[in-house]
Amino acid sequence: MRKFLTFLAIAAMTFTVAACAPRTTEPDCDPEKMDGTTVCYDSATGTFAVEKGAKIRFGVDNETWGKAIVALWDKTYPALAGTVEYVNSGSQGSTDSVAVQQGEWPDVFMAIDGEVPRNSSHLLPMHAELAKIVKANSVESFFNAGNATTGVVHYAPMTYDGMAFIWNKTMLEALGLNTADANGDNLPDAFDTWEEIFALSTSWAANRPTYKGKKVNVVFPMTLTNQWSDYHHLTSAGWELFGSGDPTKPGYDDPKFAEGLKFILAAKEAKISVEESGQVSPADAMGWRWDAVINDEIAPFGLVGTWMDVAAAQTTTGSEFRISPVPTYNGINQRPFVKTKGFVINAYTKYRSAATELMRLVYSKDGFQAMVTGTSYAPSLVDGSNLVPTLTAGGIQEQMMSAFVYNYPEPALLLPNNKARKSMDSAYYPFISNTERAIWDGTKTIAEAVAELIELSNAAIEADNK
């Protein structure tokens, strides 16, 4: 294993990177003389020097994307072909992994925005010129999720990681339903509100239709046991988790939260999910079924994640799926979570300047094009960015990007007295499913469930915030 850096080495590294102003002729920027501890920018070419003999690993969660970045590097720098290789490092927990594996972890690797701040001491601060490019082209909320708490730019958001509404156009039409979309929101006008979807489900209660030889027992496979995809229906009255910005106040005492929980009871009354017996599905059966919406066509409506292969599902099923914002309820747009995946630089890299140049190439128009070609990833870029890649008009990625207009950036807040602990991990994930299940199954009223949630989450925050 490569030698671990000490605290002083990391501090020195931070100073060196910050002090490395644009230059083209400094002797320590000569690739033959660079020792891997500096980041050197060539203002004439807008690139960073690459140390002689540098070997850089690119960590990503998609094989196609990894191969595309290696090919881009080799095409851009034919004399340096072979400098970059990719490894499938995944994204969940990547910043935790670099803290443990340090120099054994990839030099430039994928991370999730909210996971970056608590491990920022193990990440290389970006050179000022690269940081300027990233900040200018990033959506502010997602840029801040990975960078704001540290005051230093470590993270470059590149792709959305979230869920949107999806509906099966072929299925609805086969069942004799109107899918016209006169207002252009990519939702059928007949079903662009939950009230209309619930009315459809109610009308099917006594006589479930059949599609491709299977009875349609599910209209929308709402989850009650997957806290991340559950969030959309909690926002039914306009509530936002940690909406005040205070990491110790999740906001469960906001009347909008209790009001929004009435959506659960309305969905149950409409029988949006029943068993073969015709009985409403119990809460414990209301788990993750989103993949089955596109792969097995169990329901005409559902949610879809950015990581799910809708194009392949359309080919396999022969059905056309459309992606859109979530329908309104009582005139309010529900807001699923969305975050971003992007890239950071390992603080323990042996080649800081080469790693920074790879990061610059990844976060370029050609880098974004490499991402969207052959993957389902949708680019996260500010309106008007000149880095926007070419997308298929009306394709999955464009639909997904448009669908995120109401999505809520997942709070990346850390407890003020315990920076290693995310506020959501204390106040949201441990308790919200029990609240929902109790309301659905009728073991608690909304008022009782909310009172218990407030008591438990407050106690957890107090215990963890030390």
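Atoms considered below: every heavy atom in the structure, side chains included; atoms not considered: hydrogens, waters and symmetry mates. On a predicted model such as this, the values are computed, not experimentally measured, just so you know.
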Quiz item: Taking 4.0 angstrom as the limit, do Glu129 and Lys132 come out as a salt bridge?
Solution: yes
Self-check item: Ring-ring centroid check Trp65 Tyr377, cutoff 6.0 Å
Solution: yes
Quiz item: What pairs meet the salt bridge (charged side-chain N to carboxylate O under 4.0 Å, His left out) rule with one or both residues in residues 438-455, with sequence neighbours excluded?
Solution: Lys444-Glu452
Self-check item: Proximity of Tyr348 and Trp105 rings by center, below 6.0 Å
Solution: no
Quiz prompt | Basic-acidic side-chain contact under 4.0 Å: Lys271, Glu269 | solution = no
Quiz item: Does the side chain of Asn137 pick up a donor-acceptor pair with the side chain of Ser385 at under 3.5 Å?
Solution: yes
Quiz item: Taking NZ, NE, NH1 and NH2 as the nitrogens, is one of them in Asp61 or Lys341 under 4.0 Å from a carboxylate oxygen of the other?
Solution: yes
Quiz item: Got a second to check how far Phe191's CZ is from Ser324's OG, nearest 0.5 Å?
Solution: 13.0 Å
Quiz item: Do Lys214 and Asp296 meet the salt-bridge criterion of a basic N to acidic O distance under 4.0 Å?
Solution: no
Exercise. Indicate, with yes or no, if the rings of Tyr155 and Phe142 have centres closer together than 6.0 Å.
Key: no
Quiz item: Partners of His232 by ring-ring contact (aromatic ring centres under 6.0 Å, His included), sequence neighbours excluded?
Solution: Phe220
Quiz item: For the rings on Phe343 and Phe58, is their centre-to-centre separation under 6.0 Å?
Solution: yes
Self-check item: Salt bridge Arg335-Glu240, side-chain N to carboxylate O under 4.0 Å
Solution: yes
Quiz prompt | Where Tyr252 and Ala427 come nearest, the two heavy atoms and their spacing | solution = OH-O, 2.8 Å
